[in-house]
Structures are given as structure tokens and as C-alpha cells.
Amino acid sequence: MPSPSPAPAADLAEVAARGRALILSLQDPSGAYPASPTFSAYLGFSWLRDGAFIADAMSAGGEEASATAFFDWCARTLELQAERIERIVRAAREGRPVPDGEMLATRFRFDGTQVDDGWENFQLDGYGLWLWAALAHARRHGLDPDRWHSGIALTADYLVSSWARPCYDWWEEHVEHVHISTLGSIEAGLRAIEPLESMGAERRAAVRAAADAVATTIRERGVVDGHLVKWIGSTEVDASLAALIAPLAVVDAGSDLARATLAELERRVVVDGGTHRFPADTYYGGGQWPLLSCFLGLAHLRAGDADRARELLAWAAGTERPAGTLPEQVEDHLLEPSALPGWVERWGTSADPLLWSSAMFLRLAAELGEVGA
Ligand code: BGC
């Protein structure tokens, strides 16, 4: 497929504005962001991962109140899990960690309740991501992060106790592995909260020690041939790794590691500006995800390549549907076309709109100076 011709700058701003308005219109009164208002398998749920990045984009895009409402929801949601977290932390400390099924969920209903429904729930990345996004939001808008104190402290204890466990990755796959994007998300969250004096000396020391251990693990066990890899023991990449360079900044964008990781991602998962999740993806045929082209654009931009970032944003703009929505993925270049019909039969066509897609577009557009107040 030829790549879509680059969208003019004014169009980019309009796509971003439409996405921002859509997210605002769909945010639940509780503060939760639905993953998708229409896709059958996601209906009625807010994901910590999607939500943290959506809130971060809204924060960067000038929607302070919307982002604050989401982080308030996160803190309340964590407080509802206080007893479960205490049990998990105690068991880990006593050397008899609870089974995966008793860990915290990756997605919650809008009222903050956890549903143990067999979904691939055990994922740690979202817990690091909400901390990272909340602290970035507080800094950006001059807010006191202690409004989320108990939620932050509970999350800190949870991550300190459990960061090294294998769990499902960003794509809710491979629960048997320790995923490098998950570790990067956790490191970003722990580093963000470590300076908070309200956490107390003991908890801060534990957070710092855990963050350092995560960083060492990433560098010593998450790098092959000079680039980051999908999980410990893999030689393959995953597009989510771009997030570690930007916006999470746990890998210095000017480093050889960032350069090699970006080069490998471009080589292995990018076709004409469209970004696949990973080379063996078969979900809905393994299409290209606009949100991942935007993550890649953020990483290139942080590394100094604004032209490549703009190209990737223009590709993402080209995926906008006539209704003004951005989908989860597009089918222009499928890695495994034969896998598509089975998914359509199971859940209908893939998610559209996906709020996380609009959010990442808004985030990259804002970073490129394309978003008005
Ligand atoms: C993706 C997750 C995402 C969820 C909700 C899943 O298909 O793999 O990354 O959080 O959808 O958008």
C-alpha cells in the first residue's frame, strides 16, 4: 500500500481537536475514561494503561480538569482495593506470593469495582503508568500530588512487592514472561513518586531501591544486540518499547540504546509509517496501530528527529474515519490476514473509536506544537 499523503498542518490540528472533544464527551462522570464506547469486548471498562495515557494527553492538550478527574478516579479505585493490596504485600514479604488471579485487575468498571471475569487481568504496567502520568500532570499544572496520597502509597507498596513477577504484557499476552515495556512503565512510575516527602523516608527508600533494581534488570536482561527486546529471553522487539524513550523517558533519547531500539523498530514493525505491535501479531490479522505510530513519533521527536515524528503523525491522521474517530488498528497492511475473520466473528469489527488512539494523536500533535488552546 502506498503511504497516505501527508496531511496539511491545519488538518493535523483539526484531527487532534476532534479527538480531544470525543474524549471529553465520553469521559464518565466518575472520571473514568472508557476504552471504547462501542466495541463489544471493551464496553463498560476503563483500563489503567489506556486511561493513564489518555489523561496524560488531555493534560498536555490543555484539559486539566478532565485529567484531574481521571487521577481522582484512580486514587479512589486503589483505595477500594486497600485490603487486597495489604494481603498481596504481606504474602510477598513472607515469601509466599499470592497466585496471579488474586492480583489487581488491569481494567475496572466505571464505579471503580474490579471484576474477576477471566479477562487477562494480571498486568502491572498500568500501575506504574498512572503514577507517572499523575505526577507529570501535577507538575505541568502546578497541582499538589498529595490529593492522591493514599492511592499513590498503595500503588507504591504493590509495585515494590511485585514488580519482578511475570505478568501479561501491554497486549494482554504471554503471562509467563517479564516484559521490558512493563518494567519501563513501572520504573517511570516509581521514579515519579520517589521525591514525594509525604511518602515518608522508609517507603521512599523502598521505592528508590525498587526503581534502581528495575532499571538494572532492563539494562542487564532486556537488551540484545544493543536494542531493547520484548521480554527477558526474547530477541524480538515490540512497538511499545518506543514509550520507554518517550514519553516515559526511562531510556535517554540520546543514548546508543535509544538509537538502536528506534532503528530496530523501524526495521521490524513499521511499514509506510504504519506501526504493527510486533512481528508475530495475529490479533484482527495483525494490523497497524495509529497510537503506536504516535508513540514512535514521540520517541523520534525526543531524539531530535521532528521530521520523522511529523511523518508518523501524518500517517496516523490518514487513518481517521469519516465520523472523525481514530480506530485501534487499520487493515491496510495485515501480518496474518487469515486470522482476521475469526476475530470479526467473535467480537465484530475491531475497536473504533479507541480513545487511546485519539489520545496519542493529541499527545504527539501537542508536542509538535500543532494544538491550540
Ligand atoms: C489491547 C490493550 C488495551 C485494551 C483496551 C486490548 O486489545 O491489547 O493494550 O489496553 O485492548 O484498549
Side-chain angles (χ1 to χ4, degrees), residues 19 22-23 26-28 32-57 70 74 77 104-110 114-115 117-130 132-133 167-175 177 179-182 184-185 230-231 238-244 248 269 275-278 280-296 319 325-331 335-336 339-340 342-344 346-361 363:
L22 181 78
I23 292 169
L26 292 172
Q27 184 169 20
D28 189 74
Y33 294 115
S36 169
T38 46
F39 183 60
S40 65
Y42 303 171
L43 266 188
F45 286 98
S46 181
W47 266 255
L48 281 184
R49 171 181 41 259
D50 300 39
F53 283 121
I54 295 166
D56 179 61
F70 176 73
C74 289
T77 297
L104 298 178
T106 191
R107 58 180 208 168
F108 294 86
R109 292 207 180 279
F110 303 154
Q114 161 159 343
V115 184
D117 59 355
W119 190 265
E120 287 75 2
N121 256 323
F122 177 32
Q123 300 164 40
L124 292 166
D125 60 272
Y127 291 90
L129 292 171
W130 97 264
W132 162 78
C167 66
Y168 287 108
D169 65 5
W170 277 34
W171 316 127
E172 328 209 292
E173 295 182 352
H174 296 290
V175 70
H177 290 301
H179 301 273
I180 304 307
S181 299
T182 300
S185 307
K230 189 169 164 66
W231 63 65
D238 186 291
S240 58
L241 292 166
L244 275 58
L248 300 179
V269 296
T275 307
H276 295 282
R277 297 194 299 178
F278 52 92
D281 193 10
T282 60
Y283 181 59
Y284 277 90
Q288 295 165 304
W289 289 48
L291 72 90
L292 288 175
S293 288
C294 294
F295 269 111
L296 193 62
T319 69
T325 57
L326 287 178
E328 174 187 77
Q329 55 178 298
V330 292
E331 294 159 13
L335 296 170
E336 188 52 66
L340 177 59
W343 284 106
V344 176
R346 184 170 170 190
W347 283 343
T349 49
S350 66
D352 170 43
L354 186 81
L355 273 63
W356 188 11
S357 298
S358 292
M360 295 320 299
F361 190 93
R363 184 67 166 83

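Quick note: numbers below take in every heavy atom, side chains included, and nothing from hydrogens, waters or symmetry partners. Read the numbers this way: they start at 1 and go in the same order the structure lists the ligands and their atoms.
- Residues passing the ring-ring contact (aromatic ring centres under 6.0 Å, His included) test with Phe70 are Tyr33, Trp73, sequence neighbours excluded.
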Just list the N/O pairs, ligand 1 to protein, that are under 3.5 Å apart, with the distance for each.
residue  : atom   : partner : partner atom : Å
ligand 1 : 7 (O)  : Tyr42   : OH           : 2.5
ligand 1 : 8 (O)  : Arg277  : NH1          : 3.4
ligand 1 : 9 (O)  : Arg49   : NE           : 3.4
ligand 1 : 9 (O)  : Trp170  : O            : 2.6
ligand 1 : 10 (O) : Arg49   : NE           : 3.3
ligand 1 : 10 (O) : Arg49   : NH2          : 3.0
ligand 1 : 10 (O) : Asp50   : OD1          : 2.6
ligand 1 : 11 (O) : Tyr42   : OH           : 2.9
ligand 1 : 12 (O) : Asp50   : OD2          : 2.6

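- With hydrogens and angles ignored, the 3.5 Å screen pairs a side-chain donor or acceptor of Ser40 with a backbone N or O of Trp347.
- Taking the six-membered ring for Trp and the full ring otherwise, the centers of Phe53 and Trp170 sit less than 6.0 Å from each other.
- For the residue pair Ser36 and Pro353, the shortest heavy atom distance occurs at OG-O, 2.8 Å.
- If you run side-chain contact (heavy atoms from CB on, under 4.5 Å) between Leu354 and each of Ser350, Ser357, Ser358, only Ser357 comes through.
- A ring-centre distance under 6.0 Å is found for Tyr42 and Trp47.
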